[in-house]
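Numbered from 1 within each chain, the chains take letters A, B, ... in sequence-line order.
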Amino acid sequence: MKPFKELPKGYPFPDLEQEIIKFWKERGIFKKTLSKESPQGEWVFYEGPPTANNKPHVGHVLTRVVKDLFPRFKTMRGFRVERQAGWDTHGLPVEIEIEKKLGISTKKEIEEFGIEKFNRLCLESVHIYEREWRVMSERVGFWIDMENAYFTYHSRYIESIWWALKELFKRGLLFKDYKIQPYCARCGTTLSSHEVAQNYKETEDPSLWLLFPLLAGQKIETTTGETFPVENNVYLLAWTTTPWTLLAHVGLAVSPEFTYKAVKMDDDKIVIFADKLLNEVPALEYKEGKAVKIDLRDKTPLFFTKGEKLVGLRYKRPFNTVHAPVNESYFNPPPSDDSGWCVFPAEYVSLENGSGIVHTAPPFGDDDFRSGKQFGLPFILTIDEEGRVKNLSGIERFSGLWFKDADKPIVKELRERKLVLFFGSYLHSYPFCWRCEQPLIYLASENWFIKTSSKKEDLIEKNKQINWIPQHIKEGRFGRWLENIVDWAISRKRYWGTPIPVWSCQKCGTVEVIGSFKELFEKSGQPIPSDPYDNNQFDPHRPMVDRFKWRCSCGGTFERIPEVLDAWFDSGAMPFAHLHYPFENRDKFTKRFPADFISEAVDQTRGWFYTLHALAVTLFNSPAYKNCVVLGHVNDEKGRKMSKRLGNVVDPMEVIKETGADALRWYFYLNNPTLPSRFSARLVKDAAQSYLIPLWNSISFFTIYANIDGWEPGGKETIPLEERNTLDKWIVYKLKTLRDRVTDHLESFNLSSAAKEINDFLDDLTNWYIRRSRERFWASVEEGGKEKESAYQTLYYVLSTLAKIIAPFTPFIAEYIYQHLQVDKVEKVESVHLADWPTVRVEMEQSLVEGMDLIKKVCKYARAARQQAKIKIRQPIEKITVITSDSSLDKFITEYSHLIKEEVNVLKVEIAHNKEKFVNIKVKPNFRSLGPKLGKKLRVLQNFLTSIKGEDLIDALEKEGELKVDIEGEEIKFSEKDLEIAIEPKSKTVSLEGDSRVIVLIDTRITPELLEMGVAREIIHFIQQERKRKNLEYTQRIKIKWYTPDGTKIADVIKKFSDWIKKETLAIDIVHSKSAKELKFGTPLGEINISIEQI
RNA sequence: GGGGCUAUAGCUCAGAGGUUAGAGCGCACGCCUGAUAAGCGUGAGGUCGGUAGUUCGAAUCUACCUAGCCCCA
C-alpha cells in the first residue's frame, strides 16, 4: 500500500502550477480565504490601478507578486484581506493610442472626428489589454477579485470625484491660475514632460544682445561707496534667444549677490552687465570705418556695483505693448511706460549664459511667471493659441505673424533704434513637438489647481505616520518632494477624462462647482433619470456633460469649463471613489481607510503615492496608507532599462513557461525588490535552483521511503520530541527559528531576509538532516523501530510546516506539497492558504544547536583535510583528532561523534588535550568589551598579548581568575571575558584544517585492513551505480555475480565483507562466477568483474 | 541645475562600528549518490569606487569627489 502519490518525474513545476490554478478555481479557495474566520479583523490593502493600455511587463509582475505575498501572509495570520482589482482608464496615453489608430494627431482633428465617437473608442480600448493582465495575474498566482474591479471611468467613481472637488472648492483649495507649460502652437496642445523629454534637438536660435536705456536722473552706488549719476547714455544689457518674447517684456532680473560692472563704448554708451561672466559678451566697434568684433569683458571698467544696488532702477522697455493696469506691485509707483520699468532681484540669474541681467516676459517662462507674480509685473499674453502675435495696441505692426517669424522684424526695428549691441546665432538643445516637429514654446495657460502648498505642514506631518519601506523614501524622495511642494495643476485641456465639474457664467465669471449628479440635474432644471448611473441615460463624460447649462442671476449662462481632470487625481481618489463614498458605503469607508498596505514601483512616489496622500490629507486630514513598500525598477541583465528600442525586453510569460511562476516569484523576493534589479531568465533559474530543487528533492525522498514502508501520518502515536533523536530535535529547533525569523521579517516587510532564511533552512534540511538521517529511513521496519518512526514523524512535521511557511512566497509548490502530504486530510483544512500561520511550540536547547553547528564545521574541515591528503571519502581512515580552543566544546564532539564518523568515514574520533603539540594558542583582546574601557591603550595591550605565550596566559587566568597588567603606569584588570582565544595550526600540513575555534587533524595512514574496507565500499558503490543504471526499484532484491582474473586479494575482501555488501545492495546472494562480465572496474587491490541480476 | 538611490570577488548580491569581509552563480579540482548531476565539497579570485576626516578601531559614520540609475526642473 502506497500512502502517497508518486511524484512526477523531473522538475515539472510549470505543469504542476497549472493544476494548482485549476484546483484553486474549482474549489473557490480565494473566496474561501475571505469568508473564513478572521479573529484579527480586517487588514486593508489597496490595489493601485494599472493603466491597462499596454501589455504587462516584468516590472508589473514584480509589483503583483509583492502585492500578493503580504495579503496571503496576513490571511494566514488571521486577518481578512479584501483585494479588489482596479483599473486606471482615463488619460492622455489612452488618447494617444486612439489618435495613432485613427491616424490623427491634433485636437482639431479629434473635434472634427467627434468627441463622442473619440471617447467611445477610448472606453473600448481600456478593455483590450485587460485580458492579458488577467491571464498574467492568474498565472503568477496574484489573488485579486477581478469580477468586482473598480474602473475610474464608472459613473459612480466620477461622482465621488465630483464630491471631492466640491469639498476642496468649499475649503478654498480649488482655484484657477496660469501655469507655464510646454506648448505646441501648431497642434494647439500642451505637452507632458514625458513627451517633451522625447524630442530635444540641437538647433540654432537667434542670439540677441539688447540694450535697455536707464532713465536719466537716477543714481547708482558703486562698490567704492561713490555715487554714479545716470545720464541719457547708460544701458543695462540683457540677452535672449527668443526676440519675439520682447513684445511681452516687463522687467529685468539681476542677482543681488553678483558684482556688476559698467564699461564705456567708443560711441560713449555706458553698458552695465555682470562681472566674471563665463562666456563672451560680443559687441561691434568701428575702427577706421570697419566693424570689429570685441568682447566687452575685456574693456576697462568704469565702475563696479553690487546687484542689489541695481534693484529698483527704472528703464525704458523696448515695446510699449498695452497692458492691464497693475494694482498691487512690489514697486511704487508700479512699473509703467510713464514711471519706467523696474530691475528686480532673482536667484535664478547665472553667470553662465548671457549678461547676468535677465529679460523677463511672464507668459513665456516659468521663472518669468513666478517673478511676475512676486513683484506684481503686468502679464501680457502677446501670442494667441495658434502661435500668432495678437493684435494689441502698441505692437499692431507685428500682429498675425507666426511667433518665430516675428523675430526678424523685431530685431530689425530694434537695430534701427540703436538698441542692439550684437545679433548672432546660438546653438543649443531645445525641445520640439514629437508629432509635428515644431519648436515648443513655454506658454502660460489657464489651469485649475489644488492649493496643496497651503497644506504643506499637514502633508509633512501625516507623512511621519507612514512606514516607508525602504525607510529612506520617507525623509528622502517623498519627504523632499513634500518640502518643495507646489500647487497641483489638475486640469487638462483634453477629452477622455473625468470632466471637471466647474461651471462658470460666461458673462460675470461666477463659478459654481457641482458635487453630485443630482445637483447637476437640479441646477440645470433637467429631470433626474430613473437611473443616473446608467450610461444610456446619463454619461458624465464629455460631450454629454457639456450640454448642461443654466442661467446666471446676472443674465449670463453657466457653461462647463472645457477641461478634464488629471488622471492622477482619479487614482488618488481611489480610497473613497471606488466605494462611491459619500453617496454609499460610509461605514465601509470608515473601516477601510487608511490602508494598512500598498506597494508600487518607485516612480509612483510623485504619482500614486503622492496623489493618495495629497487627497487623503486635504479631504480627511489623514494619511491614506500606513505601510508602503516601494519597489525598484526591473532592468535588463546589464542594468539598462528594458525598452523596445534596445530590444532587451524579457517577456515574463516566456520565463514562466520555462521555469514556472514560483521560480519567478522566488527570484523577486530573494533579490531585495526595493532596489533596482537586473533581470534575466538565467537569474530566475539560478534562484530556483537554490530553492525549488532542494525542496522538491526532500519531498521526493520522503515520498519514496514512506511509500516503501507504508508510513502514514497519524498512523502511530506521536513520539514526544524529548525522546527523539538528536538530529530530529535539531531540525525542529531550526524550524522554530525559521518560523520565528520569517514571521518577524514579514511583519516588518523585509522580503529578501525572509527568503534567505528559507534558503538556509533548506540547506540544513537536505544537506545535513536528511543526509545524516538516511540510515534510519533505510532500516527495515523491525530493526528501525522507534528511531525510524521518529524520523518519519519529524520529517513529515517539518515538511508540512514548511509548506505553510512558504505558502505566501510560492503558493503553488506550497499547495502541491500540502496536498501531496495530505495535510488537508490530517488537519481538516482544504488548502494551505486556508491554514493558520504555523507555530512551532518547543523549548529550544540552544546548546544542541551550537553543538551541531560545531559538528558540521568539524566535518567540513575533515573533508577538506582528506581532500588535501587526496584520500577519497570512500576510503575509511583510522581516526581524526579534533582540537578546540575552548574545552567546553569537547562534550559536543564526544556526544555527536557518530555523526562525524558516518559523514567523514572514519573509525575513531579523538579529542586532543595536548594542544601544544599541534597548535599555537593566540590570545587577542576582546575589542568589543575592552575598546570602550581602554581607548588608546588597547593597542598597547594588544602588543603585550601577542608578545607572550598564549598557554601561559591561559594557565595564569585559570589559576587567578583575573589578571593585572601594568600599561603606561596604569594597572589594567581583565578577565577571561575580555579575551578571545584563538588557535592556529603549528605547521600547515595536508592533514590539518580549521579555524580559530576548531582544528581537525586526520590520520592519513591507510593500513591493509582499511584498504580492504575501502575496496569493499568501492564495490558497493559500483553495484549501486549499476542498480541505478538499470532503473531498479529501490526495494528490488538482486543476486551478485563476481569474477576477478588476478589473485585472491579481492576474493578475500568479498569474503570478509560479504554480509555488509549484501546488506547495502539488497543482495540475497553473492557468488563467484566466470559469467560476470557486465561491469568491469579497477580497485586498489586489482580489477574485478561484476554483474547483477534481479530476483 | 536640484533631490534621491547605488557602487563589496568575473557576474548577481549579503554584510550597517570590533581587527581573518561572506553567499550563490561562473571557473579549477575533487567527491557523493538506495531524494538529488537542476546534487555535494574544496580552491583560486577583493587596496569593500576615490580622497580626506571622526574613532583605540571604518566596507560600515561624516564631508567632498567620480560613475551609473531614478525622479524633478
Numerically ordered, the residues 759-770 of chain A set in heavy-atom contact under 4.0 Å with RNA chain B is A:Thr766, A:Asn767, A:Ile770
Nearest-nucleotide pick for A:Leu675, side chain only, options being B:G34, B:A38, B:U6 | B:U6
Remember a base hit wins even if backbone is also touched, and classify A:Arg774 as base, sugar-phosphate or nothing at under 4.0 Å, heavy atoms.
-> base
Salt bridge flag under 4.0 Å for residues A:Glu903 and A:Arg771 | yes
Paired and unpaired positions of RNA chain B as dot-bracket, Watson-Crick or G-U wobble under 3.5 Å, | denoting a partner strand | ((((((((.[[[[.)..(...]]]].(((((.......))))).....[[[[[..)....]]]]]))))))).
Is the distance from OP1 or OP2 of B:U33 to the nearest side-chain N or O of A:His1021 less than 4.0 Å?
-> yes
Any donor-acceptor pair under 3.5 Å between the side chain of A:Arg863 and the base of B:C40?
-> no
B:G4 OP1/OP2 closer than 4.0 Å to side-chain N/O of A:Arg480 | yes
Is any side-chain N or O of A:Gln1024 closer than 4.0 Å to OP1 or OP2 of B:G34?
-> yes
Go through the structure and list residues passing side-chain hydrogen bond (donor to acceptor under 3.5 Å, both in side chains) with A:Asp368, not counting sequence neighbours.
-> none
Going by 5.5 Å between centroids and 30° between planes, is there a stack of A:Trp778 over B:G34?
-> yes
With respect to A:Thr810, which candidate in A:Tyr669, A:Tyr691, A:Trp666 satisfies the side-chain hydrogen bond (donor to acceptor under 3.5 Å, both in side chains) definition?
-> A:Tyr691
Sugar-phosphate only, base, or nothing, as touched by A:Lys860 at under 4.0 Å among non-hydrogen atoms = sugar-phosphate
Base, sugar-phosphate, or nothing: which does A:Asn635 touch, judged by heavy atoms less than 4.0 Å apart?
-> nothing
